[in-house]
Amino acid sequence: MTGRGRPRRAKSPDTKSANSKTIPEEVSLQNGTAKERKPKAQKKEESPLQDRTTEHFIVEISRQQSATTDNKKAPVRCTKAKKKTEQTAEEIRKTQPETPEDPLKATKVKRCVGKKATSPEEAAEETTKTQPETPKDPLKSIKVKGCVGKARSPGHITETPKETPRACVPPVRCGDREHPVLHTTLENLKIKRDERSDAAEVVNKIVKAIVEHLKEKSQSFKEIEPPLRTGSYYENLKISNPDEFDVMLPVPVDRVNVAPFGDDGAFYSVELKRGKSPLEKFQKTGGTLSASEMLKEFRDEVKKSVKQFTEWEVTKKKKGCPAVTLLTKYLPIPISLDIVLSIVVQSSWPPFTKEGIKIDGWLGTKVKQQYKRLPYYLVPKYEGMGTVECDGVLAKDVWRVSFSHVEKLMLLNHGSEKTCCEREGERCCRKDCLKLLKHLLSLLKEEDSSLTKFCSYHVKTTLLHACCARTKDADWRASSLSRCFLLLLGDFVEHLERGVLLNFFIPTQNLLSGPGLKKCRSLAQRIEAERDNGFPIFK
DNA sequence: CCAGGCTAAACAAG
DNA sequence: CTTGTTTAGCCTGG
């Protein structure tokens, strides 16, 4: 039915232009924060990110060639005919026989292009409504692509076609024959293109509206920088459903004094140095920039800006949580969107990061230096009771450091060779391993409510540490998925057994101190049971 | 501010 | 399996 030439998805032109092509806000971020760090002169060969190769010539030439050939086949556009998503609830709400359990799910007209009905619920949906509690949100990031010319080396010389299965098949060690279930599981975790498209449309629309409102209608937040799309969706790590989005809205500050709050280096109190700032009003008598007051007003402004969007609701405030969470249920897949207030600090990273981000062997020292020249972010997050006081500062007025922008950069550019996972390069399984482990954790959380304190950030951190331990792309060959996944699983279990998983950027912070050793060990046992039985939970 | 190019990933076909 | 197409996201240059 679905012929290749037929438009499987069509959108009305206005929708299109409004959402997909350009997100204008992006541009001003560059102007605002990034330009200084990314001098124009730093091109191609000169970029520190580039010089791990000696093939610049070939690379550059081949780039140009392929660009010109590509051009020819470009603009074959489909005709757009889709109804806008501005539909009201009633319009959208057609009965969805496939999923009777959810009355809000809907079948859309545009989807009727002969696609066979997908099964009720693929494999297992992850429902990563990850707990707000402890360290969920350090998953945000900035964009700032490392460098300009990506290498696509045609001369990428592979002495042997290594990935092809050998003629003689060793009994045990051959790739992942041991665990074919991992591959099918991964397959089921993929996000459907149409669902992604629908979700992106509604999310982009509301984010745009919020940003416009804050810039034009609010005093305190009129200087916000373009949204930083962070978290697993924007790292291409989202599994199962496009149902969770994280967007950080950064407020620039000129100069600030930042002082540790507590002893693990993750939380800070902030003082504005200069007078002139829209943020003055959030200062307490001691000069502290009050996270809670700023978040309160931010939340009010976000509420105002989504008021007219009846399909979105604002969820209740959660203690210590830096996000204003929006929900929409007017799509087959309900979406939660975290709008996270943050302040951008341009100066050098806190001293507590000194021993962190040990990526020298994996991504290289120059990449690390580049990352460390980026700003860092602070989000209005605290732990425990907001009334706890320390040096005259209340916990609810402190900020937690966030390096989500760097996390995103590392995950999108994760190879020790820069051609890793590119068309001409070797494919690796780092992200697949992470997806699988995330999935495993969320399945375990579904069946055991005592695991709420564990979250996908624990898994992500485990992967980052693993990448520093097994630094070469050859350690993560796509053909060795099972072995790599089992090693990663082993890492995770080790952390759990010891009850120690250090924040990748702030090694003085133990991310497992929240859950506690007892819960850690019980999770470790549960995971080992799955492993030793061939992952029945995936079946 | 926008148009256009590029990439990763999903998806379709051979 | 390989190859090509489509799409959202991202970046750049005008």
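Since the structure is predicted, the reported quantities are computational estimates derived from the model, not experimental observations. We name chains A, B, ... by the order of the sequence lines, and we start the count at 1 in each one.
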With sequence neighbours excluded, residues passing ring-ring contact (aromatic ring centres under 6.0 Å, His included) with His465(A) = Phe504(A)

Got a sec, which residues hit side chain to side chain donor-acceptor pair (under 3.5 Å) with His213(A), two or more places apart in sequence or on another chain?
-> Glu301(A)

Of Ile206(A), Asp338(A), Val247(A), the one forming a side-chain contact (heavy atoms from CB on, under 4.5 Å) with Leu326(A) is Ile206(A)

Is the shortest side-chain N/O distance from Ser197(A) to OP1 or OP2 of dT7(C) below 4.0 Å?
-> no

Should Lys408(A) be listed as having a side-chain N or O under 4.0 Å from OP1 or OP2 of dC10(C)?
-> yes

Could you tell me the separation between the OH atom of Tyr234(A) and the P atom of dA8(C), rounded to a whole number of Å?
-> 12 Å

When rounded to whole Å, the CG to P distance for the pair Asn236(A) and dC11(B) reads 14 Å

From the options dG9(C), dC10(C), dA8(B), select the nucleotide whose nearest atom is closest to the side chain of Tyr233(A).
-> dG9(C)

Please tell me if the side chains of Glu311(A) and Lys205(A) come closer than 4.5 Å, counting only heavy atoms from C-beta onward.
-> yes

About how many Å separate NZ of Lys329(A) and CD of Glu313(A), when rounded to the nearest 0.5 Å?
-> 5.0 Å

Separation of atom CG in Leu189(A) from atom P in dC11(B), rounded to whole Å | 13 Å

Heavy-atom donor-acceptor pair, Arg193(A) side-chain to dT6(C) base, under 3.5 Å | yes

Please give, in whole Å, the distance from dG9(C) C1' to Leu237(A) CG?
-> 15 Å

Quick one: is dA9(B) close enough that its OP1 or OP2 comes under 4.0 Å of any side-chain N or O from Lys192(A)?
-> no

Candidates dA9(B), dC10(C), dG9(C) - which lies nearest the side chain of Arg427(A) | dA9(B)

Between NZ of Lys205(A) and P of dA8(C) the distance, given in whole Å, is 15 Å

When the distance from CD of Glu195(A) to C1' of dT7(C) is rounded to whole Å, what number comes out?
-> 15 Å

Separation of atom CG in Asp246(A) from atom C1' in dG9(C), rounded to whole Å = 16 Å

Testing dA8(C), dA10(B), dC10(C) for proximity to the side chain of Arg229(A), the answer is dC10(C)

If you check every side-chain atom of Lys190(A), which of dA10(B), dA8(B), dA8(C) has the closest atom?
-> dA10(B)

Given atom CZ of Arg423(A) and atom C1' of dC6(B), what is their separation to the nearest angstrom?
-> 8 Å

